[in-house]
Each structure stands twice: as C-alpha cells, then as structure tokens.
2 protein chains.
Amino acid sequence: MTVVLKNPKGKVTVKMRAGGAEQGSGDGEKRGRKASKETRRQQLIEATIDSLAKRGYSDTTLADVADGAGLSRGIVNFHFESKENLLVATLQFMSEEYGDHWNSALEKAGPSVASRLWAIVHADFDRKICTKRKLAAWCAFWGEAKSRPTYQALCGARDVKYQETVIALCADLKAEGGYDYEPEPMALSLCAMLEGLWLRLMMGDGTTREKALEAAIAFVVVVFPRHLTLQGPKPQ
Amino acid sequence: MTVVLKNPKGKVTVKMRAGGAEQGSGDGEKRGRKASKETRRQQLIEATIDSLAKRGYSDTTLADVADGAGLSRGIVNFHFESKENLLVATLQFMSEEYGDHWNSALEKAGPSVASRLWAIVHADFDRKICTKRKLAAWCAFWGEAKSRPTYQALCGARDVKYQETVIALCADLKAEGGYDYEPEPMALSLCAMLEGLWLRLMMGDGTTREKALEAAIAFVVVVFPRHLTLQGPKPQ
DNA sequence: AGATACTTGCTGAATGATCATTCAGAATAT
DNA sequence: ATATTCTGAATGATCATTCAGCAAGTATCT
C-alpha cells in the first residue's frame, strides 16, 4: 500500500510505505527518502530473507524483494549493484547474527564447562535465531552452497568456529569427568545433530522447536551424564 | 563427444554418445535410437543428478541435462513433458533408491536388534548411496523443498518410514537393555545427526565419509553401550 | 527569507539475455 | 507404409540490469 499526500501547492511531497514491513534497524531511523544507506541495505536484506523463505532460492526475484521492501524495481541494483551481491550480503548478515548469538550466549553462561555446553545447545533453538523464516533462508543457501564457492565459504566460516568451540567443550568435559571417547567425533556428531534438527524444523514434518530441543538435550545428557541432567547442568 | 557414422549411401545413420556417461540401468539395454522409453528416462534422470551436483538447482537447465545425456534440446519435454516432471521423477528415483537401500541392509543384517541398528547406520554411509554427486542432489532438493509441496512430500516420505524404523529399534533396545530414556527423542536426534552428517559431507568442509561414519558410530555406542561397541554389535 | 544550483536517493520503462516449451519434420524401427 | 523416437530452430515468457530523469535534501548566494 502506497500513501501519496499532496501539499497545498498540489505537488507530491510524501511518498512512503505504510504498514508492517518496517524491519530496519533502530526505531529512531528515518524512513522514506531520508533513510540512510545502511538502513536501506538492511531493509532490503530483510526483504530478501522473506523472499527466500516464501519462494525459495530459485524463485527469489529482485522484483519480489523490491515489492517486499515497498520500493521500486531498480532499487536493489542501486544499493547492491547486483543480485549476487545482495544474496552474499544477506548470507553474511545471517552468518554474523548467528555467530554473535552463540558467542553472547556463551558469555552469559555460568563459568562451568557444563553450563557453557548447555548454553550453546540452547542458543541454537532460541526464538531469535530459530524462526521458520530464517531456517528457510539458511536452507536455501545450503542448497546452493556446493556449486558456489562464495556461499560455501560463508557457510563454512559459520561452522568452523562453532565446531572448534564444541570440540574444546567436549575435551574439557572429558578431562573433568573421565569419559573415554574422543572429543572430535563426539563434537562432530553433536554439531551435525544440531544442523540436522534445523533441517527437520525447516522441512515442516511434525518436528517442533520444543521436540527438537528435547532431542538435543536427550543427546548431551546421555553423552555427559556426570555433568548434565534433563533439568540442566549439574552444580560442579 | 559425439560420433557420427555414415553408411555407404552417405546418409547419417547412427548418432550416439560415446564415453563414460552411460549410467543407465542394465548392461544389456539398447542405446541410440533403440533405447526403450524407460532406459531413456533413466538416462535423463542420471544426467539431471549430474547437473544438480555440478551446477546446483537454480542453474540446472534442460539444455545442460540434454547435453549431459548426449541428446538433443527437446528431449526432456518429449520424455517428461516438463522440467518440473523431470525433477520430480529424479527426486522420486533417489527417494526409492535410498529406501530400497536401507531396507535391504536391514534384511541382510543379523536378527538381533543391535545388529539391525548397526546395519541401518552403516547403510547411510555406503558408497552406493553416499557419493558427492548424490548428496549434492539431495541438498539441492532440500533447499527448494520448503517452498514446493511436491518436493516436501517426497523428502518427507523418505524420512517418516526411516524414523519410525529407528524409533522401533530404539524402543526394542530400551526394552532389552534397561536404558531409561525415551525412544522418540533419541531416535529423532539420531536421525537428525545422520542427516546433519550428510549435510557436512556435501558442504565440503574437511568432513570425510570415514570421519562421518566414525562420529555416527561414536554416538550410537555411547547411547547403547550394552549393545554396541566401536567394533560392532555385541553378541547377545 | 527566498531564490538558485548542486547532490543524493529513487523510479520505472526499455533492453537484452536466458531458458522452457513447442512443433514441423527427419531419422529409424516395424 | 506406418508408427515411434528424436531433433533443433522458433517462440514467448521471465527476469536482471541499465539509465534517463524526477524528487527530496543541502549548500550558496542575494
């Protein structure tokens, strides 16, 4: 919906979007013509995630993104030069948001290794990260990643840091608790399971966020029974 | 590479593909003009998997598929009516092949529940199923599944039967061995982990088939220590 | 304050490239 | 001769990209 107002002189003076698509950054940001370059880029990235989620990678068009942002057809090439750039920027944004999220979850966690593992597993199923919309966008990129080195690098960067962290946590728990398996395979299976649960959530079979979290918890509790219970990390 | 032969009258009589792309069904099948409808369809499905693996879903074109099969441009619409039909048939084929594979692995397995679980986990990493090429094709479909009900149904069908089987195996092991966790979440986390490992294999980070299998084994051994060891199922 | 020129953000019609689909007719089999 | 399988040029649809021009904001001058 577009609102067009006319001033007393009869000239068009305001032409901006009304309604619910305002997904830019901070609330104080200016809209319409006044929006800053960064705000506009973020707005287009959000519209891209919407489009990826709604129509999938291969049906995402610049026209759909522009419509979703309530702007004109040429807008993406104006701000991003090309469709490819927009998609890379979108993946970059999601990748950073994901990384920031689990890092801050680790910082907020208690000092014990057990509570840190508990926190990082829960972070993956947090409402901020784990929405239908974003999972669908992730999956769209995964589907293209193998044939596009740029996507592969960005998805890979996401995983490497995460997995190293999980390996370290598993190694620390082993040192503390006397488990007798290797940290690397254990961490790999844990990370793979978390991604697999995301995949399930996207695919929309019966799996819900609650069931997925329950399954993830069941896993880590069985693997580290001396440190974790179904109710949470044991006090050291 | 295309071979063109001329008969004594100077007319072109044979025009068929030479080389290594002959991935159709049985060896006795005829080639060239003589190929049966089913052979031709299978040949095109294999070329589709190749194209999906090489170029990804969004860059897979009918021209590329036809080239890959060594046939002309209109061939797909002749045998499948539309691109969409070809892709659905391809997914159907992969889905059936996958299902047949783990079902026959279960049949070949020993009678004990432990050896059946062992077999089904190994089946996922068998060289016949778990190739770069096929994993990439699966991933391409997953990426589009959320916005295409047909794909979603076919991918879902793949999973539901599998997961029910795994739940039953987990429940039987629990009954036998006195483990105290619920079969459903445990089976879900196991299935999710197997899919997640496939995802890793496709993405081409350092994960190899051997490491993936090792991680999967580490998991089930930890979960069912009374029935499984790293070397295989325990004799009952 | 008002007028003027200049900058920046944005628009949307036009362009050209890519690609699925069609189909008339050629090649081959029966 | 007739039916079947296949070809490849033509067609039309979709879509990314371009760009001339408009509108809003800002600086400078009177």
Side-chain angles (χ1 to χ4, degrees), chain A residues 2-7 9-17 24 29-44 47-48 51 55-89, chain B residues 2-7 9-17 24 29-44 47-48 51 55-89:
Chain A
T2 301
V3 179
V4 179
L5 302 177
K6 296 190 173 199
N7 68 13
K9 289 173 195 155
K11 283 181 19 184
V12 174
T13 54
V14 178
K15 194 175 183 184
M16 58 179 290
R17 191 135 195 285
E29 274 294 357
K30 293 176 269 179
R31 292 271 138 205
R33 282 281 169 148
K34 303 188 215 163
S36 76
K37 262 189 142 71
E38 256 325 300
T39 305
R40 207 43 107 211
R41 283 173 63 94
Q42 191 56 38
Q43 185 186 0
L44 288 169
T48 304
S51 185
R55 330 204 331 168
Y57 186 96
S58 69
D59 281 348
T60 287
T61 65
L62 294 188
D64 192 53
V65 171
D67 288 353
L71 295 166
S72 72
R73 294 300 157 93
I75 195 69
V76 166
N77 284 281
F78 181 75
H79 283 286
F80 287 91
E81 307 233 50
S82 72
K83 183 182 184 182
E84 181 64 14
N85 280 354
L86 170 68
L87 290 167
V88 169
Chain B
T2 300
V3 180
V4 180
L5 301 178
K6 298 189 173 197
N7 69 11
K9 292 177 191 150
K11 283 180 20 183
V12 173
T13 53
V14 178
K15 193 174 183 185
M16 58 178 292
R17 193 140 194 282
E29 274 296 357
K30 294 174 270 180
R31 292 269 139 205
R33 281 281 171 153
K34 305 188 217 163
S36 75
K37 259 188 142 77
E38 256 325 298
T39 305
R40 210 39 109 212
R41 283 173 63 94
Q42 190 57 38
Q43 187 185 359
L44 289 168
T48 304
S51 185
R55 332 205 326 168
Y57 186 96
S58 69
D59 282 346
T60 286
T61 65
L62 294 188
D64 192 54
V65 170
D67 288 353
L71 295 166
S72 72
R73 293 301 157 93
I75 195 69
V76 167
N77 284 280
F78 180 75
H79 283 286
F80 288 91
E81 308 235 46
S82 72
K83 183 182 185 182
E84 181 64 15
N85 280 356
L86 170 67
L87 290 167
V88 169

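All values below were derived from every heavy atom in this structure, side-chain atoms included, with hydrogens, water molecules and symmetry-related copies excluded. Each chain gets a letter, A, B and so on, in the order its sequence line appears, and its residues count up from 1.
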* Which of residues 76-87 of chain B sit near DNA chain D, with a heavy atom under 4.0 Å from it? -> B/Phe78, B/His79
* For residues B/Ala66 and B/Ser72, report the shortest heavy-atom separation together with the two atoms involved. => CB-O, 3.3 Å
* To do: Round to a whole Å and report the spacing from CZ of A/Arg55 to P of D/dT14.
  => 12 Å
* For the side chain of B/Thr61, counting heavy atoms from C-beta on, which of D/dT7, D/dT5, C/dC19 is nearest? -> C/dC19
* Asked: What stem regions, each of at least 3 consecutive Watson-Crick or G-U pairs below 3.5 Å, can be found for DNA chain C?
  -> C:1-30 with D:1-30
* How close do A/Ala47 and A/Gly68 get, heavy atom to heavy atom, and via which atoms? -> CB-C, 4.2 Å
* Asked: Taking atom P of C/dT11 as reference, at what distance in whole Å does atom CD1 of A/Ile75 sit?
  -> 5 Å
* To do: Check the distance between D/dT18's P and A/Leu62's CG and give it to me in whole angstrom.
  => 11 Å
* Roughly how many Å is it from NZ in A/Lys37 to P in C/dT7, rounded to a whole number? -> 15 Å
* Structure fact -> Here the salt bridge (Lys or Arg N to Asp or Glu O under 4.0 Å) pairs for residues 69-89 of chain B, sequence neighbours left out, are B/Asp67-B/Arg73, B/Glu84-B/Arg148
* **Interatomic distance where CG belongs to B/Asp59 and P belongs to C/dC19 [whole Å]** => 7 Å
* Output the single nucleotide from C/dC19, D/dC6, C/dT11 whose closest atom is nearest the side chain of A/Leu71. => C/dT11
* Give A/Thr60 one of three labels, base, sugar-phosphate or nothing, depending on what nucleic acid heavy atoms sit under 4.0 Å from its own. => sugar-phosphate
* Could you tell me which residues satisfy side-chain hydrogen bond (donor to acceptor under 3.5 Å, both in side chains) with B/Ser51, sequence neighbours excluded, listed by chain and number? => B/Thr60, B/Asp64
* To do: Please report the closest heavy-atom contact between B/Leu44 and B/Thr48, naming both atoms and the distance.
  => O-OG1, 2.7 Å
* To do: Would you please name every residue forming a side chain to side chain contact (heavy atoms under 4.5 Å, CB included) with A/Ala89, sequence neighbours left out?
  => A/Arg41, A/Ile45, A/Phe80
* Does OP1 or OP2 of C/dA13 have a side-chain N or O of A/Arg73 closer than 4.0 Å? -> no
* Structure fact -> The reported gap from CZ in B/Arg40 to CG in B/Leu71 (rounded to nearest 0.5 angstrom) is 5.0 Å
